[in-house]
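Read the structure below first, then the notes.
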Amino acid sequence: TNIWLEKFQNTQEAWQVADQLLAEGAPEGNGAAAARPEHIFAAQTMRVKIQYDWAELPPAQHAALRNSLLQHVLRFGQGPLPVLRQLCLAVGVLALHMEEWHATVVTDLITSLTQPPESAAAKIPCLLELLLVLPEEAENYKVNVVPRRRDNFRSMLSAHSTQVLMLLHQVCAQFQAQASAPAGVAVLTTMMKCLSSWMHYVAPENRQFQDTLASLPLIPFGFSALAHKELFDAASDLVVETIHFAADCEASHELVPKVLPSVLNLVGLYDAAVAAEDEDSAKAYCRIFTEAGEQFLNVLLKSPKDWALPA
């Protein structure tokens, strides 16, 4: 059966069949267990076709495919997550291919998924998943695009990175009070993953992004989220990415004195994890300390007294 399905994905008919399957049957909520096999297959087929068989599609049909995909993303916006993530990956690959969409892709996604205001909160999971994959797909070399097109896509993402940062700040402020509820945990986890992705792939040399990030409470939230068990994994990854990002800034940038003290303040949490025999958390803190020591070695050596731990 798997062999037949893989062969079917290579046919031109797969475009229309996958689109029809995604339009049929109601989504059955969140979680992998609720995902219908035909929806997972159709979403995967869309991603595979766009990634490998883009040339089969006439240029006149590109916009129609984009609009159809975005409708499917909205339809599966509340899950199941395996279907939503495959569809978001498909949109990310399509955005890389569609050079005529590069200049407005970020603005279009944010505008369409935050309007009207009364339904914006329900669309936030879709929007975050989409923004998460855009930088990753820019570096996906399985997508066969000419270097000029990939470079243009990267440039457009960088140009809109501050807009994304402000959106993530708004999401964090809106959902921070729900950090103990499952819906809030899901949104905040994806928000932190999205921020890590944009710091890593898009904005390491973007001074405006650096300055804006330093002025927002997103990084302090990442450190404070380490105290929440449900947010710990995403928060620890964000802290490590923040360390690398701050270390790549100029030594005089205000991010540096904000990050290092926050790292040193984690010693108490590390001690608590050791005392509780929480091996996974202790290892995560050791990773953070090690990354900070390596990335900020010159800063630490220049002024060791300023960064010494209390005896």
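Scope of the values below: all heavy atoms of this structure, side chains included, with no hydrogens, waters or symmetry mates.
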Can you find a heavy atom in the side chain of T11 that is under 4.5 Å from one in the side chain of V17?
-> no
Just by distance, do the side chain of S68 and the backbone of A64 share a donor-acceptor pair under 3.5 Å?
-> no
Heavy-atom pair of closest approach, residues L128 and L168 | CD2-CD2, 3.6 Å
Taking every heavy atom of W198 against every heavy atom of P135, the minimum-distance pair comes out as NE1-CG, 3.3 Å
Can you pull the side chain to side chain donor-acceptor pair (under 3.5 Å) pairs that have at least one residue in residues 261-288, sequence neighbours excluded?
-> D237-R287, D278-S281, E279-K283
Donor-acceptor under 3.5 Å (T242 side chain, L238 main chain) = yes
Transitively linked via ILVMFWY side-chain contacts under 4.5 Å: L297 with V240?
-> no
Nearest heavy atoms of A43 and L22, plus distance in Å = N-CD2, 4.0 Å
Taking C-beta and beyond as the side chain, do L94 and M46 meet within less than 4.5 Å on heavy atoms?
-> no
Ignoring hydrogens and angles, tell me if any N or O in the side chain of D53 forms a donor-acceptor pair with the backbone of E56 under 3.5 Å.
-> no
So, do H62 and W54 have ring centers that fall under 6.0 Å from each other?
-> yes
Between the main-chain N or O of F221 and the side-chain N or O of S224, is there a donor-acceptor pair closer than 3.5 Å?
-> yes
Enter the distance from C126:SG to L131:CG here, rounded to the nearest 0.5 Å.
-> 11.0 Å
Flag side-chain contact, heavy atom, 4.5 Å: T45 against L21 | no
So which of L70, L130, L74, L69 actually passes side-chain contact (heavy atoms from CB on, under 4.5 Å) with L87?
-> L69
Taking atom CG of L113 and atom CG of L167, what is their separation to the nearest 0.5 Å?
-> 10.0 Å
Just wondering, are more than 12 heavy atoms of other shown residues or ligands nearer than 6.0 Å to CG in N67?
-> yes
Check for a donor-acceptor pair, side chain of T190 on one end and backbone N or O of A186 on the other, with a separation under 3.5 Å.
-> yes
H102 (side chain) donor-acceptor with L96 (main chain) under 3.5 angstrom = yes
Flag the pair V202 / R154 as yes when at least one side-chain heavy-atom distance between them is below 4.5 Å, and no otherwise.
-> no
Donor-acceptor pair, side chain of K49 and main chain of Q9, under 3.5 angstrom | yes
Distance (rounded to the nearest 0.5 Å) between Q71 CD and S112 OG | 9.5 Å
Taking every heavy atom of L231 against every heavy atom of A225, the minimum-distance pair comes out as CB-O, 3.9 Å
Which atom names give the shortest non-hydrogen contact between Q78 and A122, and what distance separates them?
-> NE2-O, 2.7 Å
What are the two closest heavy atoms between L134 and G92, and how far apart are they?
-> CD2-CA, 4.0 Å
Other than M156, which residues form its hydrophobic cluster under the rule that side-chain heavy atoms must be closer than 4.5 Å?
-> none
Do V299 and K302 touch side chain to side chain, with heavy atoms closer than 4.5 Å?
-> no
Would you say the side chains of D108 and T104 form a donor-acceptor pair under 3.5 Å?
-> yes
Quick one: does V106's side chain get under 4.5 Å of Q163's, heavy atoms only?
-> yes
Flag yes if more than 12 heavy atoms outside Q208 fall under 6.0 Å of its CD atom; otherwise flag no.
-> no
Atom pair CE/SG of M199 and C194 - distance to nearest 0.5 Å | 10.5 Å
Has the side chain of R149 got a donor or acceptor atom that lies under 3.5 Å from a matching backbone atom of M98?
-> no
Is the backbone N or O of E129 less than 3.5 Å from a side-chain atom of R85, with the two atoms forming a donor-acceptor pair by type?
-> no
Check: I50 main-chain N/O paired with H97 side-chain donor or acceptor under 3.5 Å | yes
Row check, F41 ring normal vs R36 NZ/CZ: under 6.0 Å, within 45° = no
M191 side chain reached by F175 side chain, heavy atoms, under 4.5 Å | no
Under the side-chain contact (heavy atoms from CB on, under 4.5 Å) test, which residues partner K142, sequence neighbours left out?
-> Q51, Y52, N140
Taking everything shown except E118 itself, do over 12 heavy atoms lie less than 6.0 Å from its CD?
-> yes
Flag the pair R148 / E99 as yes when at least one side-chain heavy-atom distance between them is below 4.5 Å, and no otherwise.
-> yes
